[in-house]
Amino acid sequence: QWLRENHPTPTGAARERLLLEEAKEIRASTIQKPYPELQVPYYCLIDLDGDGQRELLTSRDGIYIRDIYTVRYDRAYALQFWSNMRLLADGTLEYIQQNDDAESVARFRVVDGQWVQTLRLVYGAQEGRYLQDADLDYYYDTELTGQTYEALAEDKAYASLSWQSIDDLP
């Protein structure tokens, strides 16, 4: 209560100024890294949860989302960081993790500044099993056919994001 009263969450231009300052801090902290793959040169502002306020997305390559920031009270904070997510056209965020032995697909939406998971799938190559966490309780409880797995995993269209260079910020 005290925090809300004494540190109201800014909206509009004041909110976006906080987010853009955060983008510049992220860029400054990563530009000194010796490895180009760790640098974060891109940002995008987009309303992820439909509340009329935009969140900050950062990217290393202008394709995958690395960080997602929002504003609470009077500061920017990370909803998600160090990830390789893509934004789907319906506003869902998708994270796919792949290696030689497995693939997992997780989809999320941001609701009131919180993550809400909407889909969890996994394919285990060693067992040759396709599984879904149907009730989203972190237990893969439903076995799928390969065809059903593919239909769920491929049911998407990627959003087109307008990535901009953090270096171009004033």
Peer 1: Can you find a pair of side-chain heavy atoms, one from Ser59 and one from Arg66, that are under 4.5 Å apart?
Peer 2: no
Peer 1: Using the side-chain hydrogen bond (donor to acceptor under 3.5 Å, both in side chains) rule, collect all pairs that involve residues 150-159, keeping only residues at least two apart or in two chains.
Peer 2: Glu94-Lys156, Glu94-Tyr158, Lys156-Tyr158
Peer 1: State, to 0.1 Å, how close Leu169 and Ala23 come at their nearest heavy-atom pair, and which atoms those are.
Peer 2: CD1-CB, 4.3 Å
Peer 1: Sub-3.5 Å donor-acceptor pair from the side chain of Thr118 to the main-chain atoms of Arg107, do we have one?
Peer 2: yes
Peer 1: Any chance the side chains of Tyr43 and Gln164 put a donor and an acceptor closer than 3.5 Å?
Peer 2: yes
Peer 1: So, taking the atom named CZ in Arg75 and the one named OG1 in Thr70, what distance separates them when rounded to the nearest 0.5 Å?
Peer 2: 13.0 Å
Peer 1: Rounded to the nearest 0.5 Å, what's the gap from CD on Gln117 to OH on Tyr95? Could you check?
Peer 2: 12.5 Å
Peer 1: Check for a donor-acceptor pair, side chain of Asp141 on one end and backbone N or O of Ala134 on the other, with a separation under 3.5 Å.
Peer 2: yes
Peer 1: Examine distances only and state if a side-chain atom of Arg15 and a backbone atom of Arg54 form a donor-acceptor pair shorter than 3.5 Å.
Peer 2: yes
Peer 1: Are Ile26 and Val71 connected in a single hydrophobic cluster, I mean Ile/Leu/Val/Met/Phe/Trp/Tyr linked by side-chain heavy atoms less than 4.5 Å apart?
Peer 2: yes
Peer 1: With the side chain counted from C-beta on, respond yes when Leu161 and Cys44 share a heavy-atom pair under 4.5 Å apart, and no when they do not.
Peer 2: yes
Peer 1: Same cluster or not: are Val110 and Leu57 linked, directly or through other Ile, Leu, Val, Met, Phe, Trp or Tyr residues, by side-chain heavy atoms under 4.5 angstrom apart?
Peer 2: yes
Peer 1: Do Asp167 and Arg27 sit within salt-bridge range, that is, some charged N less than 4.0 Å from a carboxylate O?
Peer 2: yes
Peer 1: Does the side chain of Asp47 reach to within under 4.5 Å of the side chain of Glu55, using non-hydrogen atoms?
Peer 2: yes
Peer 1: Looking only at heavy atoms, what is the nearest atom pair of Val105 and Tyr149, with distance?
Peer 2: CG2-OH, 4.0 Å
Peer 1: Answer with yes or no whether the hydrophobic clustering places Leu48 together with Tyr42; edges join I, L, V, M, F, W, Y residues whose side-chain heavy atoms lie under 4.5 Å apart.
Peer 2: yes
Peer 1: Could you go through Arg60 and Gln39, starting from their C-alpha distance and side-chain angles, then the distance that decides it, and tell me whether this counts as side chain to side chain contact (heavy atoms under 4.5 Å, CB included)?
Peer 2: CA-CA 6 Å; Arg60 288 188 285 259; Gln39 295 183 13; over 6 Å; no
Peer 1: Does any part of the side chain of Asp49, heavy atoms only, come nearer than 4.5 Å to the side chain of Val111, both counted from C-beta?
Peer 2: no
Peer 1: Is any side-chain heavy atom of Leu20 closer than 4.5 Å to one of Leu45?
Peer 2: yes
Peer 1: List the atom of Ala76, the atom of Leu18, and the distance in Å for their closest heavy-atom pair.
Peer 2: CB-O, 4.4 Å
Peer 1: Kindly check if the number of other-residue, nucleotide or ligand heavy atoms within 6.0 Å of OH (Tyr139) is above 12?
Peer 2: no
Peer 1: Please check: side-chain N/O of Asp101 versus main-chain N/O of Ala125, any donor-acceptor pairing under 3.5 Å?
Peer 2: no
Peer 1: Is there a path of hydrophobic side-chain contacts, each under 4.5 Å between heavy atoms, that joins Val116 and Ile68?
Peer 2: no
Peer 1: Taking all atoms of both residues into account, what is the closest heavy-atom pair of Gln53 and Gly12, and its distance?
Peer 2: OE1-N, 3.1 Å
Peer 1: Check this for me: Glu127, atom CD, are more than 12 non-hydrogen atoms of other residues, nucleotides or ligands nearer than 6.0 Å?
Peer 2: yes
Peer 1: Begin with the C-alpha distance, continue with both residues' side-chain angles, and end with the deciding distance and a verdict on side chain to side chain contact (heavy atoms under 4.5 Å, CB included) for Thr142 and Leu144.
Peer 2: CA-CA 6 Å; Thr142 305; Leu144 304 172; 4.2 Å; yes
Peer 1: Identify whether NZ of Lys or CZ of Arg in Arg86 sits under 6.0 Å from the centre of the six-membered ring of Tyr64 and within 45° of that ring's axis.
Peer 2: yes
Peer 1: Starting from the C-alpha separation in whole Å, work towards a yes-or-no answer on side chain to side chain contact (heavy atoms under 4.5 Å, CB included) for Asp90 and Arg109.
Peer 2: CA-CA 10 Å; Asp90 69 357; Arg109 292 188 72 77; 4.0 Å; yes
Peer 1: Hey, what do you get for CD (Glu21) to CG (Leu56), rounding to the nearest 0.5 Å?
Peer 2: 11.5 Å
Peer 1: Do Leu93 and Val40 belong to the same hydrophobic cluster, where Ile, Leu, Val, Met, Phe, Trp and Tyr are linked whenever their side-chain heavy atoms lie under 4.5 Å apart, directly or via other members?
Peer 2: no
Peer 1: Could you grab the distance from atom CD of Gln126 to atom CG of Asp100, nearest 0.5 Å is fine?
Peer 2: 10.0 Å
Peer 1: Of all heavy-atom pairs between Leu152 and Gln132, which one has the smallest distance, and what is that distance?
Peer 2: CD1-OE1, 3.8 Å
Peer 1: Tyr140: which residues meet the side-chain contact (heavy atoms from CB on, under 4.5 Å) condition with it, sequence neighbours left out?
Peer 2: Arg120, Val122, Leu131, Asp133
Peer 1: Could you check whether the rings of Phe108 and Trp115 sit parallel, tilted or perpendicular, using 30° and 60° as the cut-offs?
Peer 2: perpendicular
Peer 1: Keeping the roles fixed (side chain from Thr58, backbone from Asp67), state whether a donor-acceptor pair exists under 3.5 Å.
Peer 2: yes
